[in-house]
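One structure is given below, encoded as structure tokens.
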Amino acid sequence: MKRQAALPLIAGIFALSGCTAALAPSDTSTSPTPSSESADALQIEKTPLTLRPPEEAPGLWRTENHTDINNAPITRAGVRAPEQLHAPVEAWATERVDSFSTQVTSLSDEKDRQGAQLSMDPGICGASGTVLCYAIDAQTTFPASAPQHSESRYHAWITDSRDGFVMESTDLLSTEGRTKIHEQVPGDPTAIFPNEDGSLTLAVNGEGYRVSSTHEHAIDPMLSPDGKRLRHEFMAGTPLERIPHPKIDCQANPCVALTFDDGPGPYTAQLLDTLKEKDSKATFFLIGSHVSSYPDQVKREAEEGHAVGNHTWDHADLSKQSAATITNEVAATDQAIMDAGAPQPILVRPPYGATSPTVHSILASRGQAEIHWSIDTLDWKNLDVAKDIEMATATAQPGSIILMHDIHPETVAAVPEIIDDLHLAGYDLVTVPELLGGPVSNYLGFSVFSQQ
Ligand code: NI
């Protein structure tokens with residue numbers, strides 16, 4: 001429902017920018033200022049280069065990766081979204097690492113090598129509607145004794161998540177703009193940030209220069225056709241729309257699944273708010289007899305893209321039940337979940353992880369997969385936010401299924417930091433079906449503990 005509602009909004013923004021573009025030529029024709037005079041009115045002055053944190057763009061988050069070359073540390077902040085940036089950013093970052101590696105390897109002094117470091121930090125250099133300016137500040141540092149110089153290099157891309165458009169920010173400039181800038185600034189720009197006030201920020205040798213004019217149309221001749229269009233897009237200052245989550249590919253990117261048992265409960269709504277804010281998906285294993293107390297939360301779980309699974313009617317130890325009771329426990333819970341407005345569960349988690357060949361075969365015949373876990377946070381016992389964070393994150397690895405309970409306020413309070421920590425470590429947080437990848441029929445009759 002929400003996604004559909006967003007479509008007319010996007011269309012509206014672009015219709016609006018179309019109007020702006022259509023109005024621009026008539027504005028120019030009535031303007032008393034000829035273009036040559038406009039160009040003279042350009043001002044170029046030094047300015048600090050500042051990037052806004054990626055977290056300011058909804059749907060974007062920072063990841064961090066630490067490696068080294070000859071003991072020289074490399075800190076790389078990565079990008080999880082938007083997807084269309086992955087390839088160009090990766091190619092550029094690889095080039096920086098290669099170049100750093102060559103520099104470090106050429107140092108003959110061991111101390112110089114150990115004192116060298118490279119850090120790459122992403123940030124937002126502009127945003128409007130579906131258009132984002134995404135920059136990386138790459139800093140190489142060498143000790144004063146080394147023949148290599150420390151340097152800071154900015155690189156930026158402009159992307160539109162509406163249609164996957166990507167361009168190098170330096171392609172915003174026209175040939176005329178490039179020449180003009182070359183006359184006044186010592187070096188070629190490595191990045192250009194279009195500002196909301198219509199000015200441009202250039203990054204040259206790690207230093208910032210602001211290009212502005214008192215004449216509204218003086219900057220346009222400096223820009224390529226895409227540059228003009230995008231500058232007006234940024235000047236519109238439309239709030240940035242949520243960046244679509246990249247297509248989930250747990251083969252290519254490390255994923256983990258957070259799972260919450262024994263709900264729904266009084267803290268489920270708060271948990272759903274957190275998951276939404278952090279652009280993360282989870283899997284809920286519900287107790288059938290709890291569903292009628294919180295039907296809206298169950299519906300919300302399904303509507304917001306989480307997986308809703310079955311945890312029996314009254315938390316029964318299925319390994320000790322007759323076939324008829326097992327079937328009733330599961331079927332009644334399925335019905336309650338469907339009555340609340342969620343689809344029939346394809347995942348069942350037996351309470352206590354207690355299972356049997358009978359449980360296997362009953363679930364398989366119902367077309368349901370038996371899902372266990374690989375990390376037990378023991379949150380129900382610890383009831384401690386810091387401990388929950390540690391337990392959920394310390395041993396996480398690609399494919400982990402993490403067991404928690406959303407009926408405990410400490411658990412729900414720990415989730416924001418658990419998600420931040422896992423994001424920082426590079427993980428996508430996905431539902432169990434997303435983690436498993438293939439059709440659930442692959443897992444029928446098995447006990448699934450993790451995707452490893
Ligand atoms: Ni349970």
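Remember, it's 1-based here, ligands and their atoms both numbered in the order they're listed.
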* So does Asp334 pair up with Arg366, basic N to acidic O under 4.0 Å? ->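 Looking at Asp334 and Arg366, the cut-off is met.
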
* Verify the ring-centre separation between Tyr352 and His315: is it less than 6.0 angstrom? =>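 Yes; Tyr352 has its ring centre under 6.0 Å from that of His315.
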
* Give the atom name of whichever N/O/S atom in Asp262 sits closest to the Ni ion (ligand 1). =>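 Of all N, O or S atoms belonging to Asp262, OD1 is the one nearest the Ni ion (ligand 1).
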
* Asked: Please state the angle at the Ni ion (ligand 1) spanned by NE2 of His315 and NE2 of His311: what is it, rounded to 10 degrees?
  ->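 NE2 of His315, the Ni ion (ligand 1) and NE2 of His311 span an angle of about 90°.
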
Quick one: side chains of residues 284-297, donor-acceptor pairs under 3.5 Å with protein atoms, not counting sequence neighbours, listed by atom name and distance.
residue	atom	partner	partner atom	Å
Ser289	OG	Trp313	O	2.9
His290	ND1	Asp262	O	3.0

* Is there an N/O/S atom in Asp261 at a distance below 2.8 Å from the Ni ion (ligand 1)? ->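 Not a single backbone or side-chain N, O or S atom of Asp261 is under 2.8 Å from the Ni ion (ligand 1).
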
* Asked: Do you see an N/O/S atom of His405, backbone or side chain, under 2.8 Å from the Ni ion (ligand 1)?
  ->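 No N, O or S atom of His405 is closer than 2.8 Å to the Ni ion (ligand 1), so no.
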
* For residues Asp171 and Ser224, is any side-chain donor paired with an opposing acceptor at under 3.5 Å? ->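 The answer is no; no qualifying pair exists.
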
